[in-house]
Amino acid sequence: MNGAESLVHTLLASGVTTCIANPGTSEMHFVAALDRIPGMRCVLALQENVVTGAADGYFRMAGVPAATLLHCGPGLANGLANLHNARRARSGIVNIVGDHATFHRPLDAPLTADTEGWARGVSAWVRTAAHAAEVGADAAVAVQAARTPPGQIATLILPADTAWDAGGVPAEPLPVPGPAPVDPAAVQRVARVLRERRDALLLLGGSALGERAQALAWRIAAATGARLLAELSNARHARGRGRPPLLRVPYIVDQAIAAFAGVGHLILVGARDPVHFFAYPGKPGRPYRSGTALHVLARPEQDIEAALAALADELEAPPAAPPDPGPRPAPAQGAPTPEGLARTLAAVMPEDAIVADESISFGRGLFEETHAAPAHDWLQITGGSIGCGMPLATGAALGAPGRRVINLEADGSAMYTLQALWTQARERLPVTTVLLANRKYAILLGEYRAVGANPGRTALDMMDLGDPDLDWVALAQGMGVEAARTETLEGCADLLRASFRREDPFLIELVI
């Protein structure tokens with residue numbers, strides 16, 4: 001058995017059964033091992049940032065890591081942007097990065113790079129295999145690291161000779177640590193604040209946005225009068241009927257400050273201390289006022305659901321159902337607006353759908369109009385590096401078979417990773433992409449105003465995606481995905497319904 005074969009056996013034994021790949025020469029023995037050893041689903045992507053973004057979406061839905069296969073340092077570098085997003089989402093991923101044979105590296109061949117250095121910025125665990133006999137053990141540790149709560153990125157660099165040399169030894173799976181236990185003192189401190197104050201806000205993030213955790217948070221809020229808010233960017237948010245009508249921290253600075261007005265005690269539940277996305281002249285860096293007391297009920301790596309359950313018990317909070325959002329809205333009509341698109345989505349979305357949201361500026365107000373939609377999961381861009389939406393939708397469909405994925409996608413962001421459409425077509429994934437075609441980097445126009453700059457012709461040209469216009473119907477069809485264009489919300493509703501009856505991917509170019 002060679003090192004590559006021991007790697008595949010160890011990954012499978014450790015519960016890693018999907019490999020999303022863009023292989024190269026140095027990885028051919030690993031590819032051959034994947035061919036010979038049954039059990040691994042191998043998914044080809046045409047660019048490494050699609051590979052890593054799909055692995056992120058896979059973990060968000062499946063709860064277990066996929067392996068990626070990347071070609072040497074430059075292949076890893078191509079995937080770094082979506083690994084950055086995955087790190088912010090706390091997704092578990094096992095990167096397998098090929099490299100030159102150990103004896104070839106000193107020759108400084110063209111692909112030689114500081115692969116470990118590039119990996120460390122996005123990885124919690126990095127190791128370069130030294131010998132074929134150690135590859136299996138290295139892989140077992142990598143999977144353990146990736147599955148450590150709440151999820152981490154582990155990168156195993158595989159020199160070619162450690163893959164082809166004989167002497168590989170499969171390793172037994174290592175125990176997966178559970179979440180860190182609840183701190184009883186933290187529960188009591190927060191309970192005391194909630195009993196004594198009426199100016200508290202619970203900021204929910206990470207697994208606090210799961211269905212059961214949200215139900216506990218709603219009980220606590222109903223019993224104490226505390227407010228609830230979700231973080232700005234969330235890996236996975238259970239939403240729709242039967243779930244609390246949570247809003248998220250606004251992106252716009254003044255709106256975020258207004259959302260925290262009157263908050264004297266901010267309680268973090270799996271969430272970070274909130275900060276604004278960017279700095280702006282004369283604006284504060286945080287949305288809450290100076291003097292606000294911060295409390296941590298549970299950190300992301302802790303058992304957040306257990307912490308909320310303990311807090312609800314400490315407060316003797318009675319059961320409380322979220323409010324009935326009323327009937328589903330009718331689809332909107334006329335020219336597309338954010339509110340109209342949200343109502344249309346709520347009107348036609350199938351049960352148990354997954355929304356992969358990279359709608360950027362157009363989609364900031366979608367939450368308020370979609371509370372009446374059927375129960376669904378909403379995945380967001382978490383690290384701010386655009387180009388995640390299409391890969392995220394692809395990985396979500398791989399990680400949650402049978403569920404319809406709706407990708408709300410800005411046209412500028414989509415151009416970073418449109419190759420994901422080809423993978424959706426090859427794998428016949430049930431992804432409906434709503435391509436929001438405003439033919440500009442609209443978010444940058446807003447940022448120009450926010451920082452007080454005065455754009456001229458040259459600046460405006462750098463934010464314009466026209467001349468020539470992008471033809472998304474042609475681009476999708478060139479990737480093997482059927483597509484249609486519409487300029488109205490009633491047309492969008494008709495195309496959405498038609499796409500939901502299909503098993504294959506479909507793209508709707510919605511001109512806005």
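Every value quoted in this text rests on a predicted model; they were computed, and no experiment measured them.
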Check: Glu427 side chain, Leu429 main-chain N or O, donor-acceptor pair, under 3.5 Å: no

Contacts of type side-chain hydrogen bond (donor to acceptor under 3.5 Å, both in side chains), residue Gln419, not counting sequence neighbours: none

Heavy-atom check, side chain of Leu76 versus side chain of Leu83, under 4.5 Å: yes

Quick one: side chains of residues 503-512, donor-acceptor pairs under 3.5 Å with protein atoms, not counting sequence neighbours, listed by atom name and distance.
unit_1: Glu509; atom_1: OE1; unit_2: Arg485; atom_2: NE; d: 2.8
unit_1: Glu509; atom_1: OE1; unit_2: Arg485; atom_2: NH2; d: 2.9

Check: Leu202 and Val190 side chains under 4.5 Å, non-hydrogen atoms: no

CZ/Arg428: more than 12 non-hydrogen atoms of other groups inside 6.0 Å: no

Backbone of Asn438 reached by a side-chain donor or acceptor of Asp411 within 3.5 Å: yes

Straight-line distance of Thr417 OG1 to Glu409 CD, nearest 0.5 Å: 6.5 Å

Distance in Å, Leu421 CG paired with Thr394 OG1, rounded so as to fall on 0.5 Å steps: 7.5 Å

Side chain Arg90, main chain Ala86, donor-acceptor under 3.5 Å: no

Ring pair (Phe, Tyr, Trp, His ring centres under 6.0 Å) involving Trp378 - partner list, sequence neighbours excluded: Phe367, His376

More than 12 heavy atoms of other groups within 6.0 Å of Arg272 CZ: no

Straight-line distance of Leu268 CG to Arg299 CZ, nearest 0.5 Å: 11.5 Å

Other residues, nucleotides, ligands: >12 heavy atoms within 6.0 Å of Arg212 CZ: no

Euclidean distance, Asp352 CG relative to Asp377 CG, rounded to 0.5 Å: 7.0 Å

Side chain to side chain, Arg241 and Arg328, heavy atoms closer than 4.5 Å: yes

Contact check, side chains of Phe260 and Leu266, non-hydrogen atoms, under 4.5 Å: yes

Anything under 3.5 Å between a donor and an acceptor, one on a side chain of residues 58-66, the other on a protein residue two or more places apart or in another chain? List them.
unit_1: Tyr58; atom_1: OH; unit_2: Thr18; atom_2: OG1; d: 3.2
unit_1: Arg60; atom_1: NE; unit_2: Asp56; atom_2: OD1; d: 2.9
unit_1: Arg60; atom_1: NH1; unit_2: Ala235; atom_2: O; d: 3.0
unit_1: Arg60; atom_1: NH1; unit_2: Gln380; atom_2: O; d: 2.8
unit_1: Arg60; atom_1: NH2; unit_2: Asp56; atom_2: OD2; d: 3.0
unit_1: Arg60; atom_1: NH2; unit_2: Gln380; atom_2: O; d: 3.3

Pair Leu436-Val434, side-chain contact (heavy atoms from CB on, under 4.5 Å): steps then yes or no: CA-CA 6 Å; Leu436 304 169; Val434 181; 4.0 Å; yes

Side chain to side chain, Ile93 and Thr52, heavy atoms closer than 4.5 Å: no

Close side-chain approach of Trp218 to Pro323, heavy-atom, < 4.5 Å: yes

Glu490, CD atom: more than 12 neighbouring heavy atoms under 6.0 Å: yes

N/O donor-acceptor pair under 3.5 Å between Asn234 side chain and His237 backbone: no

Arg343 (side chain) donor-acceptor with Ala332 (main chain) under 3.5 angstrom: no

Between CG on residue Leu229 and CG on residue Leu246, distance to nearest 0.5 Å: 7.5 Å

Flag, side chain of Arg364 to backbone of Pro338, donor-acceptor distance under 3.5 Å: no

Atom pair CD (Gln333) and CG (Leu489), whose distance is rounded to the nearest 0.5 Å: 9.0 Å

Side-chain heavy-atom pair Leu495, Ser499 within 4.5 angstrom cut-off: no

Listed partners of Arg88 passing side-chain hydrogen bond (donor to acceptor under 3.5 Å, both in side chains), at least two apart: none

For the student: nearest non-hydrogen atoms of Gly387 and Asn49, plus distance: O-ND2, 4.5 Å

Thr370 side-chain N/O to Ala373 backbone N/O, donor-acceptor pair under 3.5 Å: no

Nearest heavy atoms of Gln152 and Thr148, plus distance in Å: NE2-CB, 3.6 Å

N/O donor-acceptor pair under 3.5 Å between Glu369 side chain and Glu339 backbone: no

Donor-acceptor contact present, side-chain Thr337 to main-chain Gly340, <3.5 Å: yes

Pair Thr382, Asn85: side-chain N/O donor-acceptor within cut-off below 3.5 Å: no

Closest heavy-atom pair and its distance - Ile386, Ser413: CB-OG, 3.5 Å

Pairing residues for Thr224 by the side-chain hydrogen bond (donor to acceptor under 3.5 Å, both in side chains) criterion, not counting sequence neighbours: none

Flag side-chain contact, heavy atom, 4.5 Å: Ile304 against Leu308: yes

